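By convention here, the first residue in the shown sequence is residue 1. Because the structure is predicted, anything quoted here is derived from the model rather than measured.
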Amino acid sequence: MTVPAVITAARTQVVIDFLTATGWDTTPETGYPLFPGPEILVSPDRAVFITDSGGPGYTTEEGGTDAWSFQARVRGPSDDPLAAQAAAQLLDWTILTASCPAWTDGIRVISCFRLGGPPSVLPLDPGDRRFEYTADYVFVTGA
């Protein structure tokens, strides 16, 4: 029995590697590092958490393509709502304008699009005052 290529890598890792390949700045000093969710780490201040969230499923009758979704949660530095919003908008633009189809981790990403509206702000935690934005996206992978 052979294993299909569409399930050989964790979907969260596929997204992280896809974004890294687009040139997303993952350095802690200047950019927003990418981390797998759903755990939201306490540090660093600037970060993006990628969490697999299901999705529509097979988009063709024979299962040749699969659509699955993920949430991108962008956290910015304390007391700087504009930096967090700008980073979320840049991530959104990066995902929506990425060159597709593309090969990532042996998986063909046919297309990527947003599921719903643009990144929206999450409630502010008065304890640390770090602003966060979230948006959901869909990757279509397969043949």
Quiz item: Can a donor-acceptor pair be found between the side chains of Ser53 and Gln71 at a distance below 3.5 Å?
Solution: no
Practice problem: Please determine, by modelled atom types, if Tyr137 and Asp92 share a side-chain donor-acceptor pair under 3.5 angstrom. | Solution: yes
So how far is it from [X] [atom1] to [Y] [atom2], rounded to the nearest 0.5 Å?
X      : Y      : atom1 : atom2 : answer
Ser120 : Glu132 : OG    : CD    : 11.5 Å
Thr12  : Phe35  : OG1   : CZ    : 14.0 Å
Ser78  : Arg129 : OG    : CZ    : 8.5 Å
Leu34  : Leu19  : CG    : CG    : 5.5 Å
Ser43  : Asp128 : OG    : CG    : 11.5 Å

Checking [X] side chain against [Y] main chain: does a donor-acceptor pair fall under 3.5 Å?
X      : Y      : result
Asp25  : Thr27  : yes
Arg75  : Asp45  : yes
Thr141 : Arg108 : no

Is there a side-chain contact between [X] and [Y] (heavy atoms, below 4.5 Å)?
X      : Y      : answer
Leu82  : Asp80  : yes
Phe70  : Asp136 : no
Arg73  : Thr51  : no
Cys112 : Val138 : no
Thr65  : Ile110 : yes
Asp52  : Trp68  : yes
Gln13  : Asp105 : yes
Pro119 : Val74  : no

Self-check item: Phe18 vs Phe139, ring pair (Phe, Tyr, Trp, His ring centres under 6.0 Å): CA-CA, chis, key distance, verdict
Solution: CA-CA 11 Å; Phe18 179 85; Phe139 270 18; 4.9 Å; yes
Which heavy atom of [X] sits nearest to which heavy atom of [Y], and what is that distance?
X      : Y      : value
Phe49  : Leu41  : CE2-N, 3.5 Å
Arg114 : Leu96  : NH2-CD1, 3.3 Å
Thr22  : Ala98  : CG2-CB, 4.2 Å
Thr104 : Val109 : OG1-CG2, 4.4 Å
Trp103 : Gly106 : CZ3-O, 3.5 Å
Ala88  : Tyr133 : CB-CB, 3.5 Å

Practice problem: Tell me whether Leu124 is reachable from Leu122 by hopping between hydrophobic residues (I, L, V, M, F, W, Y) whose side-chain heavy atoms are closer than 4.5 Å. | Solution: no
Self-check item: Parallel, tilted or perpendicular: rings of Tyr32 and Trp24 (30°, 60°)
Solution: tilted
Exercise. Carefully, step by step, assess Gln85 and Phe131 under the rule side chain to side chain contact (heavy atoms under 4.5 Å, CB included).
Key: CA-CA 8 Å; Gln85 185 179 41; Phe131 291 83; over 6 Å; no
Self-check item: Pair Arg11 + Asp66, salt bridge at N-O below 4.0 Å
Solution: yes
Practice problem: Identify the residue among Ile16, Val15, Ile50 that makes a side-chain contact (heavy atoms from CB on, under 4.5 Å) with Pro36. | Solution: Ile16
